[in-house]
**Student:** 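Structure in structure tokens, see below.
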There are 2 protein chains.
Amino acid sequence: MRMGEDRSVAAESGTRARTRRAIVDAAVALLAGDPTASLGDVAAAAGVGRTTVHRYFPERSDLLAAIGADVLEKVAAATERARLDDGPAAKALERLCQEYFELGDGLTLMFETPQLTNWSGWDEETEADRRFLDTVRRGHAEGSIDRELDEEWVRNLVWALLYSAWEQARTTGTSKHSALALCLHTLRKALAP
Amino acid sequence: MRMGEDRSVAAESGTRARTRRAIVDAAVALLAGDPTASLGDVAAAAGVGRTTVHRYFPERSDLLAAIGADVLEKVAAATERARLDDGPAAKALERLCQEYFELGDGLTLMFETPQLTNWSGWDEETEADRRFLDTVRRGHAEGSIDRELDEEWVRNLVWALLYSAWEQARTTGTSKHSALALCLHTLRKALAP
DNA sequence: GCCGAGTGGAACACCACTGTTCCATAACGG
DNA sequence: CCGTTATGGAACAGTGGTGTTCCACTCGGC
């Protein structure tokens with residue numbers, strides 16, 4: 001082995017890694033708009049041949065799994081950036097909400113493509129999910145989050161607000177910035193005891 | 001004309017009307033869970049032959065249109081029952097929320113099947129939608145609804161909360177009743193100035 | 001400039017769903 | 001009770017996505 005990585009099977013050449021990313025990114029963007037888009041469509045959107053897509057992801061489910069892993073990774077990174085343990089829990093959730101908002105299409109996808117959440121990485125509790133629920137509990141304890149709202153409800157609420165904000169930006173002319181502001185404003189009021 | 005209706009083409013015999021309902025109802029329940037379910041699945045769920053489904057709805061899109069009309073009708077009825085003009089606007093929206101909650105599967109369907117909203121009845125503003133937005137404006141005027149939240153955002157918010165509530169009942173063990181309570185509690189706080 | 005990795009396209013079999021026709025039979029209603 | 005009405009199933013062709021193979025190409029890095 002030279003400088004390259006060799007995680008499980010083999011290191012991926014720079015070219016392969018780039019093509020792979022192009023396909024996954026295009027798939028995320030496309031499937032967010034229409035979860036039933038064909039692999040041919042994905043290939044076209046990625047600017048590669050359909051054959052190439054099949055070379056990287058033998059079956060459709062393989063592509064879905066890759067997307068799932070990708071989103072999961074981004075969620076983990078966003079959670080990291082939000083520094084959930086700093087300051088009041090309510091504020092921490094607002095920061096998290098901002099970070100999640102930036103995920104964009106990946107977000108919509110999780111909402112509209114339950115099949116994504118059907119692969120191995122999702123059934124067991126995610127680290128990010130656990131950190132989220134812990135933070136809500138911390139908020140309950142320190143009194144910065146309404147105790148009437150149980151953890152799962154807060155989680156659902158956050159996702160729903162994020163989805164709404166994107167929907168707002170998409171359908172009405174609202175800018176992403178204002179949509180996020182509405183989202184955070186509403187979250188703050190909802191969480192307050 | 002005797003007692004029967006003869007709206008556009010012809011009155012439907014009792015038998016036909018019943019079969020039609022069975023198909024539409026089954027389709028709503030099934031498609032809410034999986035928007036890509038086949039017509040064969042719908043037929044099976046409705047307890048009729050696939051041929052019969054095609055007899056009532058020649059093409060898939062015809063069935064979708066019928067479902068769209070059905071949901072639209074139920075939304076209109078729910079809006080009626082909520083008596084939006086009575087009392088404070090914020091309370092009116094809470095009543096509306098309760099009524100919408102009862103729509104159940106029809107609700108999920110509107111979220112997950114944008115194709116439904118692509119038929120004729122949806123593109124132009126619905127009467128129900130107009131009444132909703134009017135009520136929000138009334139709330140702004142009388143001060144019972146936070147003026148920071150524009151009408152569209154409130155609409156998105158209500159739908160998102162309803163979806164969350166059903167999700168809550170579906171995934172966590174929460175009873176429908178408690179889920180609705182959380183939903184209303186959150187809405188009340190979010191709307192308050 | 002060369003060689004191999006990486007690619008695109010054509011052609012193929014396959015499958016599931018769709019929409020249609022036809023016929024035998026069951027249910028309904030007067 | 002009998003004829004009309006409604007139904008279910010089988011069989012069919014058509015369609016579009018899927019997954020596979022093969023071959024000619026081009027591009028990148030040494």
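All heavy atoms count here, side chains included; hydrogens, waters and symmetry mates do not. Sequence lines set the chain letters: A, B, ... in the order given, protein chains first and strands last, and positions in each chain run from 1. Only a predicted model underlies this, so the values are computations on that prediction, with no experimental measurement involved.
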**Student:** For C:dG19, does the base pair up with any side-chain atom of B:R50 as donor and acceptor (N or O, under 3.5 Å, distance only)?
**Tutor:**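 Result: at least one qualifying N/O pair found.
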**Student:** Between A:D70 and A:R21, is there a salt bridge with N-O shorter than 4.0 Å?
**Tutor:**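 Counted as a salt bridge, because a side-chain N and a carboxylate O are separated by less than 4.0 Å.
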**Student:** If you measure only the distance, is there a donor-acceptor pair under 3.5 Å linking the side chains of A:W159 and B:S164?
**Tutor:**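 No, because no side-chain N or O of A:W159 sits under 3.5 Å from a partner of the opposite role on B:S164.
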**Student:** Which nucleotide wins on minimum distance to the side chain of A:R60, given the candidates D:dT7, C:dT7, D:dG19?
**Tutor:**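 From the listed options, D:dG19 comes nearest.
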**Student:** Tell me which nucleotide among D:dT7, C:dG8, C:dG6 gets nearest to the side chain of A:T52.
**Tutor:**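 Taking heavy atoms from C-beta onward, the closest nucleotide is C:dG8.
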**Student:** Identify whether the distance between the nearest side-chain nitrogen and carboxylate oxygen of B:R137 and B:D134 falls below 4.0 Å.
**Tutor:**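 Result for this pair is yes, salt bridge flagged.
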**Student:** With hydrogens left out and only the distance checked, is there a donor-acceptor pair under 3.5 Å joining B:R55's side chain and the base of D:dG8?
**Tutor:**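 Looking at the base of D:dG8, it does pair with a donor or acceptor on the side chain of B:R55 (distance under 3.5 Å).
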**Student:** For the side chain of B:R16, counting heavy atoms from C-beta on, which of D:dT7, D:dG19, C:dT7 is nearest?
**Tutor:**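 Of the candidates, D:dT7 comes closest.
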**Student:** Which of the following nucleotides, D:dG19, C:dT18, D:dA6, is nearest to the side chain of A:L39?
**Tutor:**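 Within the option list, the nearest is D:dG19.
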**Student:** Nearest-Å distance, CZ (A:R18) to C1' (C:dT7)?
**Tutor:**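 Rounded to the whole Å, the gap is 13 Å.
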**Student:** In whole angstrom, give the distance that lies between atom NE2 of B:H54 and atom C1' of C:dC17.
**Tutor:**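 So the NE2-C1' distance, B:H54 to C:dC17, works out to 9 Å.
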**Student:** On the side chain of A:T51, is there an atom forming a donor-acceptor pair with the base of C:dG9 - under 3.5 Å, no angle test?
**Tutor:**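 Yes, the side chain and the base share a sub-3.5 Å donor-acceptor pair.
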**Student:** Return whichever of B:G14 or B:S61 has its heavy-atom-nearest nucleotide of DNA chain C closer to the 5' end.
**Tutor:**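 It is B:S61, whose closest nucleotide lies nearer the 5' terminus.
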**Student:** Under 4.0 Å, heavy atoms only, any strand: does B:F57 hit a base, just the sugar-phosphate, or nothing?
**Tutor:**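 No contact.
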**Student:** Starting the side chain at C-beta, find the nucleotide from D:dG8, D:dA6, C:dC17 nearest to B:S38.
**Tutor:**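 The nucleotide sitting nearest to the side chain is C:dC17.
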**Student:** State, without any angle test, whether B:D146 and B:H140 hold a side-chain donor-acceptor pair at a distance under 3.5 Å.
**Tutor:**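 Not at all, the side chains of B:D146 and B:H140 share no donor-acceptor pair under 3.5 Å.
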